[in-house]
Amino acid sequence: MQARIDFHTNPVSAQVVKHLAAAGAALAQTTLPPATPELVALRASQINGCAYCVDMHTKDATHAGEGATRLHLVATWREATVFTDAERAALELAEQGTRIADASHGVTDEAWADAAKYYDEDQLAALVSVIALINAFNRLNVLVQQPAGDYQPGQFG
């Protein structure tokens, strides 16, 4: 399988990806617990069917010390006992923020209030930004059929 467009050599897509990556780098400086953005990115990527991002975030999370059990259970987090209440709130926000076209209500007030119990305003802003950013990356990768499996942790910086 080969991608329809090479994001790194096409001048237009290279500029877009550069700016998205810069946004991601800025989010790495937030006070969100380190596992939270990876779990959120993994769950959104699973929902969106982005194999490249599932591969990337699984490997990055593993490299950062995340356990296999939790990573395997992200897709079924509601029934799993290995996530904190804060992580559950973040995963719910990620699901609702990713599935906004599936329901007319968008993100519910309940999901927002639950997340706000565990995250301060800056952390909520970071969480919302992580969700928006991973959804953008998912769509880019799915549209161009970016192949998965070759990503190495830290490959992009």
Side-chain angles (χ1 to χ4, degrees), residues 3 7 13 16-17 19-80 82-119 122-151 153-157:
F7 283 137
S13 61
V16 170
V17 170
H19 291 293
L20 290 173
L27 290 171
Q29 306 305 314
T30 70
T31 60
L32 276 176
T36 302
E38 291 298 336
L39 296 173
V40 162
L42 178 56
R43 184 63 190 127
S45 299
Q46 290 169 337
I47 292 167
N48 288 325
C50 182
Y52 189 84
C53 290
V54 168
D55 180 45
M56 172 188 284
H57 292 287
T58 300
K59 288 176 178 175
D60 282 347
T62 301
H63 186 72
E66 187 61 62
T69 299
R70 285 171 37 98
L71 293 175
H72 291 304
L73 290 172
V74 167
T76 57
W77 64 268
R78 283 182 179 82
E79 294 82 21
V82 297
F83 301 104
T84 68
D85 289 342
E87 290 167 338
R88 290 174 176 286
L91 288 164
E92 180 65 33
L93 193 63
E95 283 198 9
Q96 288 190 23
T98 298
R99 298 179 188 266
I100 55 176
D102 294 347
S104 61
H105 58 73
V107 175
T108 65
D109 290 339
E110 292 80 12
W112 185 265
D114 194 30
K117 287 191 288 189
Y118 303 102
Y119 302 102
D122 287 347
Q123 291 172 321
L124 283 170
L127 189 54
V128 167
S129 298
V130 167
I131 294 165
L133 187 60
I134 193 58
N135 274 280
F137 273 119
N138 290 166
R139 279 147 179 79
L140 288 170
N141 287 318
V142 170
L143 281 164
V144 303
Q145 295 182 341
Q146 186 67 37
D150 294 333
Y151 176 79
Q155 178 175 327
F156 298 117

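- Under the salt bridge (charged side-chain N to carboxylate O under 4.0 Å, His left out) criterion, Glu95 pairs with Arg43, Arg78, sequence neighbours left out.
- Listed here is the closest heavy atom pair of Ala61 and Leu71: CB-CD2, 3.8 Å.
- Scanning both residues, Gly106 and Gln96, for their nearest heavy atoms gives O-OE1, 3.9 Å.
- Residue pairs meeting the salt bridge (charged side-chain N to carboxylate O under 4.0 Å, His left out) criterion with at least one member in residues 44-56, sequence neighbours excluded: Asp55-Lys59.
- Not counting sequence neighbours, the partners of Arg70 by the salt bridge (charged side-chain N to carboxylate O under 4.0 Å, His left out) test are Glu66, Glu87.
- Here the closest non-hydrogen pair linking Gln46 and Val74 is OE1-CG1, 3.6 Å.
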All N/O donor-acceptor pairs, side-chain side in residues 22-31, below 3.5 Å, sequence neighbours left out:
| from | atom 1 | to | atom 2 | distance (Å) |
| --- | --- | --- | --- | --- |
| Thr30 | OG1 | Leu27 | O | 3.1 |
| Thr30 | OG1 | Leu32 | N | 3.4 |
| Thr31 | OG1 | Gln123 | NE2 | 3.2 |

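- One finds the CG atom of Asp150 at 8.5 Å from the OH atom of Tyr52 (value rounded to the nearest 0.5 Å).
- Pairing each heavy atom of Pro34 with each of Pro37, the nearest pair is O-CD, 3.4 Å.
- Using modelled atom types, one side-chain atom of Tyr119 and one backbone atom of Ala86 make a donor-acceptor pair closer than 3.5 Å.
- Between Leu39 and Phe83 the shortest side-chain heavy-atom distance falls below 4.5 Å.
- The salt bridge (charged side-chain N to carboxylate O under 4.0 Å, His left out) analysis of residues 20-35, with sequence neighbours excluded, yields no pairs.
- The CG atom of Asp114 lies 9.5 Å from the CG atom of Leu93; values are rounded to the nearest 0.5 Å.
- Minimum heavy-atom separation, Ala3 to Pro147: N-CD, 3.8 Å.
- To the nearest 0.5 Å, atoms OH (Tyr151) and CD (Gln146) are separated by 12.5 Å.
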Run the side-chain donor-acceptor check on residues 125-143: report pairs under 3.5 Å with partners two or more places apart or on a different chain.
| from | atom 1 | to | atom 2 | distance (Å) |
| --- | --- | --- | --- | --- |
| Ser129 | OG | Ala125 | O | 2.8 |
| Asn135 | OD1 | Asn48 | ND2 | 2.8 |
| Asn135 | OD1 | Arg139 | NH1 | 2.9 |
| Asn135 | ND2 | Thr98 | OG1 | 3.1 |
| Asn135 | ND2 | Ile131 | O | 2.8 |
| Asn138 | OD1 | Asn48 | ND2 | 2.8 |
| Asn138 | ND2 | Ser45 | OG | 3.0 |
| Asn138 | ND2 | Ile134 | O | 3.3 |
| Arg139 | NH1 | Asn135 | O | 3.2 |
| Asn141 | ND2 | Phe137 | O | 3.2 |

